[in-house]
Amino acid sequence: MKDMRTTIFGWRGVSFELPREWELVREVVEKKHGYFDMEDELMLRLRVYWERIPFEKSPELIDQLNKIIKQLKKKSKELKTVGRLRMKVHGHDAILTRVKLSPPLEMLLLVWYCEDRERSYVIHLYYKTKEYEYIEDVFRKIVSSLRCHGKEYLWSFQGISIRLPSEYEAVAYRVTSGLSWLRLYNSKTRDYIFILYNTMGSELLRDYYRSVHEWYLDLVKKEVSKIIGKRVERGRENTKIAYHSGIKIREGTMALLRKKVNTISYIWYCDKTNRLISVVIAPSKAKDLEKLQRVMDTIRCH
Ligand SMILES: [Zn+2]
Ligand SMILES: [Zn+2]
C-alpha cells in the first residue's frame, strides 16, 4: 500500500483529512448548490457536491442515491453499482456505494443530509480499479475526520489554513505566480479577513525587498486598500506567528485628529514553504478588533 501523508483540508464549511498532494482545482458556487473538485498529479480525485434543501423537503437517502445513479447511467450505459452500505458521517445517516464507470475508472459515492445546515452532500471519490485498496484507505480517513457543521469552519487556502466563525464566506480569491489572495467576509458583522502570499519568498527578499515590511507596503497594502480603503500606520511590533517570527502593524483610516486603529496586519516569512505571507484583520467596528485577533491563534502556514 502507498505510504500516505495526510493533511486536514477545509473549504466552504466542510473539512476532512486527505492526502497532502490533493489540491483544490476548481469550484462552482450557485445560490442553491455548488461543488468543488480536488486533483492529484494523475487525475480528478474528489468532488464534494452540496445542495441547499430545507429540512421538511429533505430527501430519503436511498431515493437520492438512485436518482444520482440514474443520471450517471444516461451518460454511460455500461455503468454498474456494487453494494449499498449504511454509515454515519459527522453523526448523520449516510449511504455508500461503489460505482464502476468505464473500466478501469471507478468511484465511491457517498450521500448524506446535514440537518444542522440543511444541506444535502454527495462525495465522489475517483480511482482506478487497481487502486481500490489505496482509495479505501483514503475514504476511511475522509469519513472518520469529516465535519460538515459547527460554530467554526476551517479554511485552507493553498496550504495556509485558518479557523473562523461559521458566518465567514470566501467572497473572492486569486491564485497567481505573483500575489495570491483570499478574501473572507462576514456579512452579518461586515468584517473582513484577508490571507495573502507570494511564492519565491527568499528570492524576493534577496532581489526586490529589504524586509517583509517592504513587501507588505508594495503589494499587500495596495491590494487590501482596494476593498477597505487607505489606512495609515499607527504602530508596529515584532511578534510570533504560526511558529515564525514576524511583525504586526496597527493601522487606521486617514483622520487628522482621531488616532483610531481598526486594522491589524500580520506579516511573516515561512521558510518551510518559501512564502511571504500576510493576514489582514479588518472588522467594520474597531471595538471588535481585540476579539477578532484571536483567529490568529489558529493560523497554520506549513
Ligand atoms: Zn453536518
Ligand atoms: Zn510556515
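We count ligands from 1, going down the list as the structure has it; atoms in each ligand are counted the same way.
Rounding to 10 degrees, one finds that the Zn ion (ligand 2) sits at the corner of an angle of 110° between C270 SG and H302 ND1. Here C114 contributes SG and H92 contributes NE2, and at the Zn ion (ligand 1) these two atoms make an angle of 100°, given to 10°. Around the Zn ion (ligand 2), the angle linking H244 (NE2) with C301 (SG) is 100°, rounded to 10 degrees.
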Determine, stepwise, if the pair Y197 / F157 fulfils ring pair (Phe, Tyr, Trp, His ring centres under 6.0 Å).
CA-CA 10 Å; Y197 73 86; F157 180 56; 5.8 Å; yes

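Remark: of the listed residues Y173, W155, Y192, Y192 is the sole one forming a ring-ring contact (aromatic ring centres under 6.0 Å, His included) with Y185.
At a threshold of 4.5 Å between non-hydrogen side-chain atoms, the residues R174 and L179 count as touching.
A donor-acceptor pair shorter than 3.5 Å cannot be found between the side chains of Y113 and R117.
Atom ND1 is the N/O/S atom of H149 found closest to the Zn ion (ligand 1).
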